[in-house]
*Asks:* 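Mind looking over this structure? Questions follow.
From a predicted model like this one, the values you see are computed outputs, not experimental measurements. Atoms within a ligand are numbered from 1 in the order they appear, just like the ligands themselves.
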Amino acid sequence: VSAATLNVALGARSYPIEIGTGLIARAGALLRPHLPGPRVIVVSDRHVAAAGWTTRLAAGLDAGGIGHATVLVEPGEASKGWAGLQHVVESILAQRPDRKTAVVALGGGVIGDLAGFAAAVTLRGLPFVQIPTSLLAQVDSSVGGKTGINSALGKNLIGAFHQPRAVLIDTATLATLPPRELRAGYAEIVKHGLIADAELLAWLEARGTALLAGDDAAAQHAIRRSCEIKAAVVERDEHETLGLRATLNFGHTFGHAYEALCGYSDRLLHGEAVALGLVQATELSVRLGLLDPAATGRVRDHLAASGLAVDPTRVRAEGFPAEAMLAAMGRDKKAEGGTLAFVLLRRVGEAFLSRTVPLEVVRPLLDSPA
Ligand SMILES: NC(=O)c1ccc[n+]([C@@H]2O[C@H](COP(=O)([O-])OP(=O)(O)OC[C@H]3O[C@@H](n4cnc5c(N)ncnc54)[C@H](O)[C@@H]3O)[C@@H](O)[C@H]2O)c1
Ligand SMILES: [Zn+2]
C-alpha cells in the first residue's frame with residue numbers, strides 16, 4: 001500500500017507521486033488510471049534489470065492487464081548521449097507504438113532523463129511515467145519534467161520539458177542500490193533541507209544514519225519531504241523563468257565545476273560533487289554576511305557523518321585550482337572584478353538566486369575551500 005500520494009499541481013499537466021514499498025509489484029493497477037492506453041514500453045538499464053526490477057515490474061504490469069516490452073541500455077552516464085537516444089527511440093519505434101503507448105523509465109536519473117527525452121520526441125510526444133530506482137532519482141530527477149541528454153560541449157545541453165503522467169517511488173528498490181549511490185542521493189536531500197526546510201535538516205541530523213542503514217520509514221519520510229519541496233518550487237516556476245527553480249541548484253555551481261574537473265568520471269559522482277558544493281555554497285553565504293558562521297560547520301559535520309567527502313583534496317590530491325574551477329564555472333581568466341551568479345542561503349531553510357556575487361569573494365574561497 002502506498003504510504004503517501006502527493007500531487008504536482010501543473011494544471012492540465014498535473015500528476016501524482018506515489019511513495020511506498022512494494023509499489024512495483026502493483027504497478028499495473030496503480031498506473032492504469034494514468035495511462036491513455038493498455039500498453040507501455042519500459043526503458044531500464046542492465047544493473048536495474050540484474051537486480052530483478054524489470055522482472056518484478058513485468059509481473060506487476062501483467063497483474064494489472066498492461067501489455068509491455070522492455071528496452072535495456074548500458075548503465076552509466078555514457079548512455080545519456082546521441083547514441084543512447086538513437087538506440088532508445090529506434091527500439092521504441094520498433095515496437096510500433098501509437099500515441100497512447102506510454103514510455104516507462106525504470107532506473108536512476110540517467111534512465112529518467114534519457115527515456116523521458118525519448119518519450120518527448122518520439123511521435124512528437126508519447127506519454128511518460130517515472131519509476132525511479134536510485135535515491136537521487138527518487139528525491140530529485142524524477143520530479144519536475146526536465147529530460148535530456150549530454151552534448152560533447154556539456155552536460156544536459158539537449159533536452160525538453162516533458163512532465164510524467166505519474167511517478168511511482170518504490171522504496172524497496174533502495175535495498176539493491178550500491179551504498180555509494182545511496183549516499184550520493186542523500187546529498188540532494190540535505191540540499192532540500194538547506195534551501196527550504198530547516199526542520200528537515202534537523203530531522204536528517206537525527207535520522208539520516210537510520211535512512212542510510214536501510215530504515216524504510218526514514219527513507220519514505222525524507223523522500224516525501226524532498227518531493228514536496230521540489231514540487232512546490234516546480235509548481236511556481238515550471239520552466240525556470242523566475243529564478244525560483246534555480247534555487248534547486250544550491251551547491252551545484254561548485255558541484256558542477258568539481259565534476260567537470262574530474263571528467264564526469266566515477267571518481268566523483270554527481271551527488272558527491274553536490275556534497276562538496278553544499279559546504280562551499282554555505283560558506284560563501286557566510287562570507288557574504290548573510291548567514292550565521294556556524295552554518296558551515298554544521299553542514300560539513302552532517303555530510304561527513306553521512307559518509308560523504310567534504311574536503312576537496314580528499315577527492316583529488318592535487319586539489320582543484322581556482323582558475324580551473326572558475327573556467328569550469330564559465331568565467332575566463334580575464335574576468336577580474338566581475339560578478340557571478342550563485343544560489344545563496346539567507347538562513348538555513350531559505351535560498352535565493354544572486355547574480356551579483358563579487359569574484360573577489362569567490363576566488364579566496366576556491367583558493368582555500370572551507
Ligand atoms: N532531470 C532532472 O531534473 C535531474 C536532476 C538531477 C540529476 N539528473 C541526472 O540524473 C543522473 C544521475 O542519476 P543517478 O545518480 O540516479 O545515476 P544513474 O542513473 O547512473 O544510477 C546510478 C547507478 O545505480 C544503478 N541503479 C539504479 N537503481 C538501482 C537499484 N535499485 N539497484 C541497483 N542498481 C541501481 C544504475 O544502474 C547506475 O549504475 C545524471 O545524468 C543527472 O544529470 C537529472
Ligand atoms: Zn543535483
*Asks:* Which ligand 1 atoms are under 4.0 Å away from a heavy-atom of D45?
*Replies:* 36 (C), 37 (O)
*Asks:* Scan side-chain atoms only and decide if K80 and N156 contain a donor-acceptor pair under the 3.5 Å cut-off.
*Replies:* yes
*Asks:* Please collect all side chain to side chain donor-acceptor pair (under 3.5 Å) contacts where either partner lies in residues 272-288, sequence neighbours excluded, each pair once.
*Replies:*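 Only R180-E272, E283-R287, E283-T296 qualify under side chain to side chain donor-acceptor pair (under 3.5 Å).
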*Asks:* Considering only the protein, which heavy-atom contact is closest to atom 12 (C) of ligand 1, and what is its distance?
*Replies:* L136 CD2, 3.9 Å
*Asks:* Do F161 and H239 have ring centres separated by under 6.0 Å?
*Replies:*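 Yes, they do, as the ring centres are separated by less than 6.0 Å.
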*Asks:* Give the numbers and elements of all ligand 1 atoms closer than 4.0 Å to a heavy atom of N156.
*Replies:* 43 (O)
*Asks:* Does R245 pair with E238 as a salt bridge, N-O distance under 4.0 Å?
*Replies:*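 Salt bridge flag = no for E238 with R245.
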*Asks:* Between R207 and D215, does any side-chain N to carboxylate O distance fall below 4.0 Å?
*Replies:*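 Judged by the 4.0 Å cut-off on N to carboxylate O distance, R207 and D215 do form a salt bridge.
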*Asks:* Among all the protein's non-hydrogen atoms, which is closest to atom 21 (O) of ligand 1, and how far away is it?
*Replies:* G108 CA, 4.1 Å
*Asks:* Which atom names give the shortest non-hydrogen contact between I169 and P132, and what distance separates them?
*Replies:*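 That would be CG1-CG, 3.8 Å.
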*Asks:* Do any protein N, O or S atoms sit under 2.8 Å from the Zn ion (ligand 2), and which ones are they?
*Replies:*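 Less than 2.8 Å away from the Zn ion (ligand 2) sit E188 OE2, H252 NE2, H270 NE2.
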*Asks:* Atom 4 (C) of ligand 1: which of S79, S141, A105 has the nearest heavy atom?
*Replies:* S141
*Asks:* Check for me, please, whether L114 and L72 land in the same ILVMFWY cluster - side-chain distances under 4.5 Å, paths through other members count.
*Replies:* no
*Asks:* Between F254 and F342, is the ring centroid distance below 6.0 Å?
*Replies:*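 For F254 and F342, the ring centres are under 6.0 Å apart.
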*Asks:* How far is atom 28 (N) of ligand 1 from the closest protein heavy atom, and which atom is that?
*Replies:*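 Among all protein heavy atoms, the one nearest atom 28 (N) of ligand 1 is T133 OG1, 2.7 Å.
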*Asks:* Just which atoms of ligand 1 are under 4.0 Å from any heavy atom in K230?
*Replies:*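 Those qualifying, in numeric order: 3 (O).
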*Asks:* If you measure every N or O of D140 against every N or O of ligand 1, does any of those distances drop under 3.5 Å?
*Replies:* no
*Asks:* Give the residue and atom name of whichever protein heavy atom lies nearest to atom 16 (O) of ligand 1, and the separation in Å to one decimal.
*Replies:*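 Protein heavy atom at minimum distance: S134 OG, 2.6 Å.
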*Asks:* With under 30° as parallel and over 60° as perpendicular, where do the rings of H252 and H270 fit, or are they tilted in between?
*Replies:*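 The arrangement is tilted - the two ring planes meet at 30° to 60°.
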*Asks:* Could you tell me the residue and atom name of the protein heavy atom closest to atom 43 (O) of ligand 1, and the distance to it rounded to 0.1 Å?
*Replies:* K80 NZ, 3.0 Å
*Asks:* Should you measure from each heavy atom of D113, which atoms of ligand 1 turn up under 4.0 Å away?
*Replies:*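 Going through ligand 1 atom by atom, the ones under 4.0 Å from D113 are 1 (N), 2 (C), 8 (N), 9 (C), 43 (O), 44 (C).
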*Asks:* Could you say whether the N/O atoms of G109 and ligand 1 ever approach to under 3.5 Å?
*Replies:*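 Right, the criterion is met.
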*Asks:* Picking from D237, D140, D197, what satisfies salt bridge (Lys or Arg N to Asp or Glu O under 4.0 Å) with K230?
*Replies:*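 Between K230 and the candidates, salt bridge (Lys or Arg N to Asp or Glu O under 4.0 Å) is satisfied uniquely by D140.
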*Asks:* Run the side-chain contact (heavy atoms from CB on, under 4.5 Å) check on V190 and L204 step by step: do they pass?
*Replies:* CA-CA 7 Å; V190 175; L204 292 169; 4.1 Å; yes
*Asks:* Heavy-atom pairs closer than 4.0 Å: do any link ligand 1 to the side chain of K155, the backbone, both, or neither?
*Replies:*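 For K155, only side-chain atoms sit under 4.0 Å from ligand 1.
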*Asks:* Quick check: H270 and ligand 1, any N/O pair under 3.5 Å apart?
*Replies:* no
*Asks:* In chain order, what residues pass the salt bridge (Lys or Arg N to Asp or Glu O under 4.0 Å) check against R298, with sequence neighbours excluded?
*Replies:*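 Partners of R298 by the salt bridge (Lys or Arg N to Asp or Glu O under 4.0 Å) criterion, ordered by chain and then number, come out as E205.
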*Asks:* Run the numbers for me: atoms of ligand 1, each under 4.0 Å from some heavy atom of E77, listed by number.
*Replies:* 40 (C), 41 (O)
*Asks:* Using the rule that Ile, Leu, Val, Met, Phe, Trp and Tyr join whenever any side-chain heavy atoms are under 4.5 Å apart, tell me whether L269 and Y258 fall into a single cluster.
*Replies:* no
*Asks:* Please lay out, stage by stage, how T173 and Q138 fare under the test side-chain hydrogen bond (donor to acceptor under 3.5 Å, both in side chains).
*Replies:* CA-CA 10 Å; T173 58; Q138 294 177 351; 3.0 Å; yes
*Asks:* How close does the nearest protein non-hydrogen atom get to atom 26 (N) of ligand 1, and which residue and atom is it?
*Replies:* L177 CD1, 3.7 Å
*Asks:* Purely on distance, is any nitrogen or oxygen of A51 under 3.5 Å from one on ligand 1?
*Replies:*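 No, A51 has no N/O under 3.5 Å of an N/O on ligand 1.
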*Asks:* Please report, to 0.1 Å, the donor-acceptor pairs under 3.5 Å made by any side chain of residues 88-98, with sequence neighbours excluded.
*Replies:*
{"from": "S91", "atom 1": "OG", "to": "H87", "atom 2": "O", "distance (Å)": "2.6"}
{"from": "D98", "atom 1": "OD1", "to": "K100", "atom 2": "N", "distance (Å)": "2.8"}
{"from": "D98", "atom 1": "OD1", "to": "T101", "atom 2": "N", "distance (Å)": "3.3"}
{"from": "D98", "atom 1": "OD1", "to": "T101", "atom 2": "OG1", "distance (Å)": "3.3"}

*Asks:* Please list, in number order, the atoms of ligand 1 under 4.0 Å from a heavy atom of T176.
*Replies:* 30 (C), 31 (N), 32 (N), 33 (C)
*Asks:* Provide, to 0.1 Å, the distance between atom 34 (N) of ligand 1 and the closest protein heavy atom, together with that atom's residue and name.
*Replies:*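 Looking only at protein heavy atoms, the one closest to atom 34 (N) of ligand 1 is P178 CD, 3.9 Å.
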*Asks:* Applying a heavy-atom cut-off of 4.0 Å, say which part of E181 lies close to ligand 1: side chain, backbone, both or neither.
*Replies:* side chain
*Asks:* Any idea which protein heavy atom is nearest atom 18 (P) of ligand 1, and the distance to it?
*Replies:* V110 CG2, 3.9 Å
*Asks:* Give the atom numbers and elements of ligand 1 that come within less than 4.0 Å of a heavy atom of H47.
*Replies:* 36 (C), 37 (O), 38 (C), 39 (O)
*Asks:* Establish whether L248 and Y186 are linked, either directly or via other cluster members, by ILVMFWY side-chain heavy-atom contacts under 4.5 Å.
*Replies:* yes
*Asks:* Can you find an N or O of T147 that's nearer than 3.5 Å to an N or O of ligand 1?
*Replies:*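 T147 vs ligand 1: no N/O contact under 3.5 Å.
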*Asks:* Between E188 and ligand 1, which part of the residue brings a heavy atom under 4.0 Å of the ligand: side chain, backbone, both or neither?
*Replies:*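 None of E188 does.
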*Asks:* Would you tell me whether S134 and E181 have side-chain atoms, one donor and one acceptor, within less than 3.5 Å of each other?
*Replies:* no
*Asks:* For G112 and F128, work out which heavy atoms get closest and say how close.
*Replies:* O-CZ, 3.7 Å
